[in-house]
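The structure under discussion appears below in the form of structure tokens.
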Amino acid sequence: MTDCAGDSQDVPSALWMELETDRLLGLRAWPLLETPSAVLKTQPVDATELAARTDGLHRLDVGKVRICSKCGLAGTRTQTVFGQGHAAARIVFVGEAPGFEEDRQGLAFVGRAGQLLTRMIAAMGLDREDVFIGNVLKCRPPNNRTPAADEIANCCPYLFEQIGIIDPEVIVALGAPAAQTLLNTRDGIGRLRGRFHDFVLLEGPAAGKTIPLMPTFHPAYLLRSPDQKRKAWEDLQAVMEFLRLPLPE
Ligand code: URA
């Protein structure tokens with residue numbers, strides 16, 4: 001994973017990239033469009049069900065994730081990063097692993113890549129609080145190195161459990177490690193993205209359940225390769241269409 005801190009762009013090109021991102025992500029249209037209140041931003045569960053899912057996530061975090069010492073990352077992390085968002089989200093976004101800022105704050109996607117993810121979610125007409133944002137790994141690999149196979153194998157059951165509790169309508173896998181882990185494939189992200197795949201829950205009360213999964217590019221990659229933003233936006237628009245969220249004109 002590339003750490004995007006310390007970007008050396010000069011101001012004009014950084015500004016251009018911002019504007020280009022906004023344009024490609026459709027943000028130009030959104031401030032003019034109020035999302036109709038009839039639009040379902042989260043699953044329509046009742047208060048009891050929402051409390052049960054919130055409690056389930058909290059128990060998983062406190063009872064398993066925070067005390068996990070299954071791999072060496074337990075010795076190098078500042079803290080675990082469980083992920084955050086709505087317990088009855090319609091969409092779960094899954095990234096690779098916490099970076100420097102996430103390890104420091106204990107929150108997923110709060111660095112530069114996270115800021116772009118926030119804008120991608122806003123371009124869909126949603127807020128971060130409407131969705132759930134997590135990672136394959138709950139601990140930062142030193143120097144943001146790519147997660148090792150055994151770290152993924154040890155950690156991904158927590159992600160599967162999170163998905164089982166939230167039971168989202170769609171999963172968006174950000175980048176190759178997330179897509180490959182969730183789909184149990186070695187295919188690259190360029191090959192996987194752009195169409196829905198089936199994520200199959202193998203364990204827990206919802207075992208056997210299939211959830212549509214859209215792989216797309218990781219925001220950190222999009223920061224380095226802004227010309228790929230159009231494809232990422234197409235992927236997100238397909239998710240919006242699936243969820244019947246209103247598309248910007
Ligand atoms: N990149 C990720 O994959 N996850 C984060 O939480 C932050 C950056």
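- By the side chain to side chain contact (heavy atoms under 4.5 Å, CB included) test, E49 is found to be paired with V45, D46, R53, residues two or more places apart in sequence or in another chain being considered.
- Here E101 pairs with R104 in a salt bridge; the nearest charged N to carboxylate O distance falls below 4.0 Å.
- I91 contributes atom CD1, which lies 12.0 Å from atom CD1 of I166 (distance to the nearest 0.5 angstrom).
- Using a distance-only test at 3.5 Å, with no hydrogens or angles considered, a donor-acceptor pair links the side chain of D103 to the main chain of T78.
- Remark: D198 CG is packed, more than 12 non-hydrogen atoms of other residues, nucleotides or ligands lying under 6.0 Å away.
- Remark: T216 OG1 to L222 CG distance equals 6.5 Å, nearest 0.5 Å.
- Side-chain contact between C68 and Y158: present, with at least one pair of heavy atoms (C-beta onward) separated by less than 4.5 Å.
- Taking 4.5 Å as the limit, every side-chain heavy atom of H86 sits out of range of all side-chain heavy atoms of F132.
- A continuous path of Ile, Leu, Val, Met, Phe, Trp and Tyr side chains, each step under 4.5 Å between heavy atoms, connects I121 with F217, placing both in one hydrophobic cluster.
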Identify all side-chain donor-acceptor contacts of residues 205-213 below 3.5 Å with residues at least two apart in sequence or on another chain.
| from | atom 1 | to | atom 2 | distance (Å) |
| --- | --- | --- | --- | --- |
| K209 | NZ | D167 | OD1 | 2.8 |
| K209 | NZ | D167 | OD2 | 3.3 |

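- Using a 30° and 60° split on the angle between ring planes, F160 and F199 fall in the tilted class, from 30° to 60°.
- Looking at P142 and L73, their side chains come closer than 4.5 Å, going by heavy atoms from C-beta outward.
- Of the possible polar contacts, one joining the R90 side chain to the L243 backbone as a donor-acceptor pair under 3.5 Å is found.
- Of the possible polar contacts, none joining the E96 side chain to the V136 backbone as a donor-acceptor pair under 3.5 Å is found.
- Side-chain contact, R128 with T118: a donor N or O sits under 3.5 Å from an acceptor N or O.
- A distance-only check finds no donor-acceptor pair linking the side chain of E102 to the backbone of A97 [under 3.5 Å].
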Apply the test salt bridge (charged side-chain N to carboxylate O under 4.0 Å, His left out) to residues R59 and D55: give CA-CA distance (whole Å), side-chain angles for both, the deciding distance (0.1 Å), then the verdict. CA-CA 6 Å; R59 281 170 189 271; D55 185 53; 2.8 Å; yes
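- Of all heavy-atom pairs spanning E151 and R145, the tightest one is OE2-NH2, 2.7 Å.
- When the options L159, V81, I152 are evaluated for a side chain to side chain contact (heavy atoms under 4.5 Å, CB included) with L137, the one that passes is I152.
- For an aromatic pair to be called close, the ring centres must be under 6.0 Å apart, and H218 with F109 satisfies this.
- The two residues A113 and A220 come nearest to each other via the heavy atoms CB-N, 3.8 Å.
- Residues V94 and L202 fall into different hydrophobic clusters, defined by Ile, Leu, Val, Met, Phe, Trp and Tyr side chains chained together at heavy-atom separations under 4.5 Å.
- The shortest side-chain heavy-atom distance between V131 and M124 does not fall under the 4.5 Å cut-off.
- Residues F242 and M240 are members of one and the same hydrophobic cluster, defined by side-chain heavy-atom contacts under 4.5 angstrom among Ile, Leu, Val, Met, Phe, Trp and Tyr.
- Taking CE of M120 as the reference point, atom CG of D235 lies at 8.5 Å (rounded to 0.5 Å).
- Taking every heavy atom of both residues into account, A179 and P215 meet most closely at CB-CB, 3.9 Å.
- Judged as a side chain to side chain donor-acceptor pair (under 3.5 Å), and not counting sequence neighbours, Q180 has no contacts.
- Once rounded to the nearest 0.5 Å, the distance linking CG of L192 with CG of L182 reads 11.0 Å.
- Other residues, nucleotides and ligands contribute only 12 or fewer heavy atoms inside 6.0 Å of the NZ atom of K64.
- Test K138, Q162, E161 against V65 for side chain to side chain contact (heavy atoms under 4.5 Å, CB included) and you get one pass: K138.
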